[in-house]
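Keep in mind that this is a model prediction, so the values were computed, not measured. Order of the sequence lines sets the chain letters (A, B, ...), proteins ahead of strands, with each chain counted from 1.
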Amino acid sequence: MIRTRFAPSPTGFLHIGGARTTLYNWLFARRHRGTFVLRVEDTDEARSTEDSVTAILDSIRWLGLDWDEGPLPMVSGGGTPSPETPGSGSPVDLGRDRGPYGPYYQMKRIELYQKHVRQLALAGLVYPCYCAKEELDAMRKAAVAQKRPAIYDGRCRKLTDRQKAEHEASGRKPSWRFSMPKEGETAVDDLIRGRVSFDNRLLQDLVVQKAAGGPTYNFACVVDDHHMAITHVIRGDEHLSNTPSQLQLYAALGWEAPKFAHLSMILGPDGSKLSKRHGAASVLEYKAAGFLPAAMRNYLGLLGWSTTDSRQLFFGDELVEAFDLAGCQKNPAVFDQAKLTWMNGEHLRKLGHDELMRHAEPFLEAAGLVGPLDPPLDKTVALEGEKCRLLADIPGRVDFFYKDVEFTEKAMAGVLKRPGVKEMLLDVAGLLEAAQPFAEKALEEKIRGYCEARALKTSQVFHPLRAALSGRTEGPTLFGMIEALGRGKSVGRLRAAAALL
RNA sequence: GGCGUGUUCGUCUAGCGGCCUAGGACAUCGCCCUCUCAAGGCGAAGACCACGGGUUCAAAUCCCGUACACGCCA
């Protein structure tokens with residue numbers, strides 16, 4: 001049974017890189033009918049916040065990635081979360097979690113970590129270190145200056161009992177360091193990179209327990225992955241260098257290590273690690289900008305992974321079915337918002353009408369377009385929705401149905417202020433007043449007939465009509481627009497425009 | 001500074017020794033379709049496969065070195 005996990009530190013929002021890591025873990029678990037676990041690594045008390053936990057879980061849910069074990073995502077009841085629901089309004093029930101390997105918040109597992117430090121102490125694999133931060137810094141500096149590797153020299157390893165007692169007497173609290181083997185090498189068999197070997201002499205005696213009693217990242221991570229029965233650790237490239245040390249910890253504790261897969265980094269357009277400087281870095285910002293979770297998944301899925309046929313678009317469960325660690329890229333990838341935007345348009349067009357409306361609603365509302373309206377939003381969004389690339393583009397394409405016509409420069413000077421337009425507008429207004437039925441097809445016939453009768457080119461008529469009705473030179477198909485607008489508004493707008501000419 | 005990883009069109013990538021005068025996608029440009037916009041169709045431009053050496057009848061593909069980028073130690 002395959003078990004994967006995503007283990008965020010709640011010290012900020014979920015950024016693009018984290019989102020992709022989550023996605024790959026989720027895809028891999030789902031692909032192999034395994035279990036996807038979420039664990040909150042909140043041992044950095046100074047920087048961890050509840051708001052971050054909420055923001056991160058919200059982001060993951062918005063992406064449509066549900067987890068089987070971890071923090072409880074619903075306010076009440078044990079029901080399954082419905083991650084596809086846009087808005088993800090229900091707040092996370094902080095502190096509660098579910099699953100057989102909990103708790104899933106590291107702060108609640110402190111005793112477990114300490115227990116295993118004691119286990120290592122009993123085996124003589126761990127020793128107290130009384131070095132102060134300043135000493136450590138000085139050591140490191142000296143090492144770099146002498147072009148030696150900047151690792152702890154292990155001076156506390158050989159402390160006598162008397163020296164330890166002296167330190168204790170002076171009130172110093174020790175951290176605990178793991179005695180790393182100093183010979184041979186440690187190889188990581190990475191699922192993406194293949195075998196990567198590290199010289200053990202370069203592995204430093206890492207701290208497993210801080211003086212304050214809390215675990216360090218590398219130790220807690222090992223203990224938790226073991227106790228949570230994680231089989232595949234899929235994580236960012238930045239952890240590859242930590243892996244040999246972790247492997248030694250697994251061995252010392254007598255545990256079998258999981259398999260590892262290290263993902264390449266995501267870069268900004270300038271080649272540096274993607275961050276706020278490059279614009280939106282938080283996935284919630286993409287939600288706000290009008291991107292669809294499905295498009296986000298599709299794009300992120302392809303950032304650093306591909307199929308041999310270079311397929312671009314994946315809908316529904318297709319990503320889950322196709323995903324494979326073997327297709328993962330070793331080299332870093334630059335995040336390209338233009339491509340994401342294109343993909344979003346493709347996904348938007350794939351949406352059914354009801355789904356489109358559901359996703360568009362918050363954006364329409366934000367623009368003050370709240371139903372019931374005349375013409376119904378249903379109708380106008382159906383006319384224009386599929387032309388958009390972002391949900392946030394929709395209001396701007398339909399708002400002219402609802403507010404007073406404002407003429408763009410191009411519409412007024414370029415299209416309306418032309419000889420004969422005024423008369424034509426009034427003629428058509430008359431036509432519309434009498435049109436029966438007031439429906440797209442019939443209206444088109446009628447107006448085309450008018451063009452023929454007056455020997456006018458359709459473009460000479462259609463363009464000014466659109467400009468007069470909407471104030472713009474681009475928009476919905478003319479007759480669909482007239483039908484939606486209705487007889488009253490259409491006639492009114494044509495006459496009003498004519499009056500300005 | 002040490003160690004590790006990486007380097008194919010502007011970007012994401014295909015490619016696992018001959019099919020490569022390097023394929024696809026986004027972006028760009030042009031044409032077509034068309035009542036506009038969008039979508040769609042067709043096409044163009046864009047990569048001496050980071051660089052330098054090898055191995056081989058044959059290398060983007062294998063080996064070595066260099067450069068650069070990124071990561072970890074921090």
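- When the nucleotides B:rA14, B:rG6, B:rC3 are ranked by their closest atom to the side chain of A:S310, B:rA14 comes out on top.
- When the side-chain nitrogen and oxygen atoms of A:N242 are compared with OP1 and OP2 of B:rC72, none of them lie within a distance under 4.0 Å.
- Of the candidate nucleotides B:rU5, B:rC72, B:rC3, B:rC3 has the atom lying nearest to any side-chain atom of A:F198.
- Aromatic rings from A:F462 and A:F479 are positioned such that their centres are separated by under 6.0 Å.
- Along RNA chain B, the nucleotide closest to A:D199 and the one closest to A:N218 are compared, and the more 5′ of them pairs with A:D199.
- In this structure, the nucleotide among B:rU13, B:rC26, B:rA25 sitting nearest to the side chain of A:Q312 is B:rA25.
- B:rU55 and B:rG1 have their C1' atoms separated by 35 Å, with the value rounded to a whole Å.
- In this pair, A:H15 and A:F13 present their aromatic rings perpendicular. The plane angle is above 60°, beyond the 30 to 60° band.
- Separation of the P atoms belonging to B:rG24 and B:rC9 is 16 Å when rounded to the nearest angstrom.
- For A:Y217 and A:H239, the distance between ring centers is under 6.0 angstrom.
- Rounded to a whole angstrom, the distance from the C1' atom of B:rA22 to that of B:rC31 is 27 Å.
- Candidate nucleotides B:rC26, B:rC73, B:rU8 were compared by shortest atom distance to the side chain of A:N331, and B:rU8 ranks first.
- Side-chain proximity of A:V334 to the nucleotides B:rU11, B:rU5, B:rC72 is greatest for B:rU11.
- For B:rA14 and B:rU8, the C1' atoms lie 10 Å apart once the distance is rounded to whole Å.
- When atom types are taken as modelled, the side chain of A:S470 and the backbone of A:A467 share no donor-acceptor pair closer than 3.5 angstrom.
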#### Entry: Sequence-aligned protein contact record of nucleotides 32-49 of chain B, with B where the base is within under 4.0 Å of a protein heavy atom and S where only the sugar-phosphate is
---BBBBSS---------
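- Between A:Y250 and A:W255, the two ring planes are perpendicular [angle over 60°; tilted spans 30° to 60°].
- Rounded to whole Å, the C1' atom of B:rC16 lies 11 Å from the corresponding atom of B:rA60.
- Across all strands shown, A:G304 has heavy atoms under 4.0 Å from sugar-phosphate atoms exclusively, and none from any base.
- A:K182 has a carboxylate O that lies under 4.0 Å from a charged side-chain N of A:D205, or vice versa, which qualifies the two as a salt bridge.
- Among the heavy atoms of the strands, none lies under 4.0 Å from A:Y152.
- Nucleotides of RNA chain B nearest to A:L240 and A:Q204 differ in position, and the one nearer the 5' end is that of A:L240.
- A salt bridge does not link A:R30 with A:D317: every distance from a Lys NZ or Arg NE/NH1/NH2 to an Asp or Glu carboxylate oxygen is 4.0 Å or more.
- Comparing the same atom, P, in B:rU66 and in B:rA59 gives a spacing of 24 Å after rounding to whole Å.
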### Step-by-step side-chain contact (heavy atoms from CB on, under 4.5 Å) determination, A:F363 to A:L369
CA-CA 9 Å; A:F363 294 90; A:L369 265 21; over 6 Å; no
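- You'll find that the side chain of A:K339 is closest to B:rA25, out of B:rA25, B:rU5, B:rA14.
- As rounded to the nearest Å, B:rU7 and B:rC49 have P atoms that lie 15 Å from one another.
- Nucleotide B:rA74 holds its P atom 14 Å from the NE2 atom of A:H239, rounded to whole Å.
- Between B:rA14, B:rC72, B:rA25, one nucleotide has an atom nearer to the side chain of A:Q329 than all others, and that is B:rA14.
- Separating the P atom of B:rU56 from that of B:rC12 is a span of 36 Å, rounded to the nearest Å.
- Picking from B:rA74, B:rA14, B:rC3 the nucleotide with the shortest atom distance to the side chain of A:S306 gives B:rA14.
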